[in-house]
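The block underneath contains the structure these notes are about, expressed in structure tokens.
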Amino acid sequence: MLEKYIFSEREECWRKYWEENKIYEFNPDSDKPFYSVDTPPPYVSADHLHFGHIMSYSQAEFIVRYKRMAGFEVFYPMGFDDNGLPTERFVEKKYNINKKQITRPEFINKCLEETKIGAETYRKLWSLIGISVDWSKTYSTINKHCQKISQWSFLDLYKKGKIIQREEPGAWCTTCQTAIAQADLEDEENESQMNYINFKDEEGNDLLIATTRPELIPACVALFVNPNDSRYSSLVGKKAIVPISKHEVPIMTDESVDLEFGSGLMMVCTWGDNEDAKKYRIHNLETRAILEADGKLNELAGEFVGMTLKDARKAILEKLQNNGELIRQENISHVLNVHERCGTPVELIKTKQFFINILDIKDELLALGEKMNWYPAHMKQRYIDWVKALQWDWCISRQRYYGVPFPVWYCEKCGELILPEEKDLPVDPMNESPKISQCPKCGGENFLPENDVMDTWMTSSLSPLIVSKLFENENVQNKLYPSSLRPQAFEIIRTWLFYTTVKSFYHFGDVPFKDIMISGHGHDEKGQKISKRLGNYVPPEQVIERYGADAMRYWSTGANLGENLRYSENEIKNGSRLVNKLFNASKFCLSFLSYENKELSEDLEEEDKWIINSLNKTVSLATKYMESYQYSRARNEIDDFFWSKFCDNYLEFIKSRLYGDVPDVKVKSVLYQVLLIIMKLYAPFLPFITEEVYQDFYQKDIGEKSIHLSSWPKNIEIEINEEDIASFEKAIEAVAEIRGHKSDNKLSLGKELDEYQLKIEVDEKHFDFIKRAIKVKNLIPRK
RNA sequence: GGGCACAUAGCUCAGCUGGUUAGAGCACUUCGUUUACACCGAAGGGGUCCAGGGUUCGAAUCCUUGUGUGCCCACCA
């Protein structure tokens, strides 16, 4: 064995070894039960991975490695999420462009280039950290394979009547210039003013209304009061005059108006918010849509035409002020919905979009949520809350460039929607024509492509299907779907997890995966969320260079599932200390071991039985914890066994037997077995150092090409008498007592005592053990 | 306004279904070159287990109320 473990050299060596020998390759012909992982495809646009990513991927990987050793044929693919708005936003920012300044093909090319760079960066980091992914099985959400499945999904749902195209007011981002979905909204605390503004009634009397959106005054279509509000009952049914634009609007009643709010008079505009949109349906209001897709006002806004909402607000308030119609302003702080990708406040605009019906299947989705196993269990509640709170159907079309195109054309003459055959997928309607030459409805011969692309979640919501379809064989596909495990972070429960469940329900009527493990976030040393903006993290590559991948992984074991984990250089150092300790303990053991002395003797010493008994308990607990995704607890048990039971006690106890004139064969057999099991227990967490020890000694004897393909340990079967163990533990206490005595008297532990009188009671049959374990010539029992 | 989680040593956290003196790692103090390891070993100091109330022979653990922290959702004229 090596004299010293230089992790940088050795880790690189094992990375190569695993790759060259295809250690983690999935074998679809295997007889073993399959365990498939629906790996989260990171957004390549995330640009740089930080240790939060390392944490969550490592945590999933601990389980994957355990399952592989526990006898499953593990399918662990990797995907890259590189289509859609996140990538577009990334490219726009990086090159300081927007979709209007560049042609569609140019823009798509830039996105594809960045996608390639991103994927390569990620792959390097994942290999660096030792992620046991089968790199021959990857996908990227923009590739043909994914486009085909996404378009198939569209066709299937369209034919089932679950996708509907309709024109209605919906969430719109004026920066990204596209429709967005409810899940794309984020709350943001905002400082603003409540403006009290005078309208006029028919007789010219003042009508005070309160609004946070004065810029929408030209879009006002009605005033509302509560039907029980006696102050205004005489006005109901009459008209009001809107300031500035001077158009007339009806005064109506609606139960939802709060008597206490402002003056009790409410202005409804096209479209102020979701509530307004509802009133349009109920009261059949006319519309005055002043906002265009680019966020600027149109002719209906009169003199404010061409202004952005922000500028219009300023100008309108100024004018109201000059006219004496702005009575007063109050500073308020309120929460408004912004687009999560760019932070722009979300507006409502009436557009034609494709929607997937989700509001009608809430019960079914809740039932599927119950059917899946959530780790930790309380994360299920977030899913339930989200499903129950859904207000809109899922808008799946985006007025963007870089995404999967809809497989849709329209007949130029009659507008009929034309779909391709399933076998012709994927199609790009903007570059190819439909296979049919005539519209089946009107016989028209010209077709127009659908220019929109799909929401990025339309593709990622199919990830379990995408990975199963990486295989031709249908039998294999069916064994891989639903996935065994979906590991992911909590903030995308309402998107990735939710949408995947929707798709799985509509396509197959069942869950997309069986178990879900939800990880927390990585935080900086102070407990703040890591973000690129704050720059509060060290690039993981640097940490790995300094302390090694095993040490970095060790830090990841520090948080239970669902919990956030602070970055701590100290914990990483602890990891490298452990690696060092494992190496040294192994070096020591291996210097005495040989393949001949591995069968356990019938007649073991008490300390041998004790260590085997402790090990068995550790194996049982670690197995139990790994089975329930509690890798953190498993690691605690293993650490405690290795560090304090095995190193601090057992190895010290047996030194006299190993260094004796007559070699003790019994103790060698124990070491052979125990050390191997220690390595196996640590293998999921510390794949490099454990491989080092395995390859150095055990591999030739056992035969498996890698410790990571060897079997998860079982208990060593020996006869254990619990009373004997308890009695022996008294002897260990006695050793501790004598250590204390030596420490109190400032003596070296190696110094032999002539005589010692015990303070605790110990069976005299253990005296010989105590004498040689702690070096005492004469031991006197307790009086 | 609703939901979820958390609150234990200076710090980061274990303590799961209630049971003898509440644990670990780091930090701190003292000691030890012992032929695997000083990236080590031994010993030690340090805690009204957030607060009040309740259940119980017995509560850090269960119930309840409150306080504080974090996250999510809703409202958002």
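A note on names: the letters A, B, ... follow the listed sequences, proteins ahead of strands, and every chain is numbered from 1. Model, not experiment: these values are computed from the prediction. Just the heavy atoms: all of them, side chains too, but no hydrogens, waters or symmetry mates, feed the values below.
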Regarding A:Cys589, tell me which of base, sugar-phosphate or nothing describes its non-hydrogen contacts under 4.0 Å with the strands shown.
nothing
B:rC11 pairs with, by Watson-Crick or G-U criteria that keep both distances under 3.5 Å
B:rG25
Taking only the side-chain heavy atoms of A:His334 (C-beta and beyond), determine which of B:rC16, B:rC71, B:rA77 contains the nearest atom.
B:rA77
Report which part of the nucleic acid A:Lys742 touches: base, sugar-phosphate, or nothing (heavy-atom distance under 4.0 Å, all strands).
nothing
Can you check whether A:Tyr383 reaches A:Thr501 side chain to side chain, under 4.5 Å on heavy atoms?
yes
Across the strands shown, which category fits A:Ser586 at heavy-atom distances under 4.0 angstrom: base, sugar-phosphate, nothing?
nothing
Mind checking A:Gln391 for me? I need base, sugar-phosphate or nothing, with any heavy atom below 4.0 Å counting as a touch.
sugar-phosphate
Ring-ring centroid check A:Phe51 A:Trp555, cutoff 6.0 Å:
yes
For A:Asn337, report the nucleic acid contact type (base, sugar-phosphate, nothing); a contact means any heavy atom under 4.0 Å.
base
What about A:Arg633, does its side chain sit under 3.5 Å from the base of B:rC16 through a donor-acceptor pair?
yes
A:Asp639/A:Arg635 ion pair, N-O < 4.0 Å:
yes
Charged tip of A:Arg10 within 45° of A:Tyr5 ring normal and under 6.0 Å:
no
Using a cut-off of strictly less than 4.0 Å between a heavy atom of the residue and any atom of RNA chain B, enumerate the qualifying residues of residues 544-568 of chain A by number.
A:Asn560, A:Glu563, A:Arg566
I'd like the C1' distance from B:rG18 over to B:rG54, given in whole Å.
15 Å
Base of B:rC39, side chain of A:Lys581 - is there a donor-acceptor contact under 3.5 Å?
no
Are A:Glu607 and A:Arg657 within salt-bridge range, i.e. N to O under 4.0 Å?
yes
May I ask you to say what A:Asp258 touches in the nucleic acid, namely base, sugar-phosphate or nothing, with a heavy-atom cut-off under 4.0 Å?
base
Give a yes or no on whether a salt bridge exists between A:Glu215 and A:Arg313, defined as a side-chain N under 4.0 angstrom from a carboxylate O.
yes
B:rC49 and B:rA14, which share atom name C1', separated by this distance in whole Å
13 Å
Remember a base hit wins even if backbone is also touched, and classify A:Glu569 as base, sugar-phosphate or nothing at under 4.0 Å, heavy atoms.
nothing
Presence of salt bridge, A:Asp640 and A:Lys645, under 4.0 angstrom:
yes
Pair partner, B:rG41 [Watson-Crick or wobble, under 3.5 Å]:
B:rC31
Base, sugar-phosphate alone, or nothing: which one does A:Ala210 contact when heavy atoms must sit under 4.0 Å apart?
sugar-phosphate
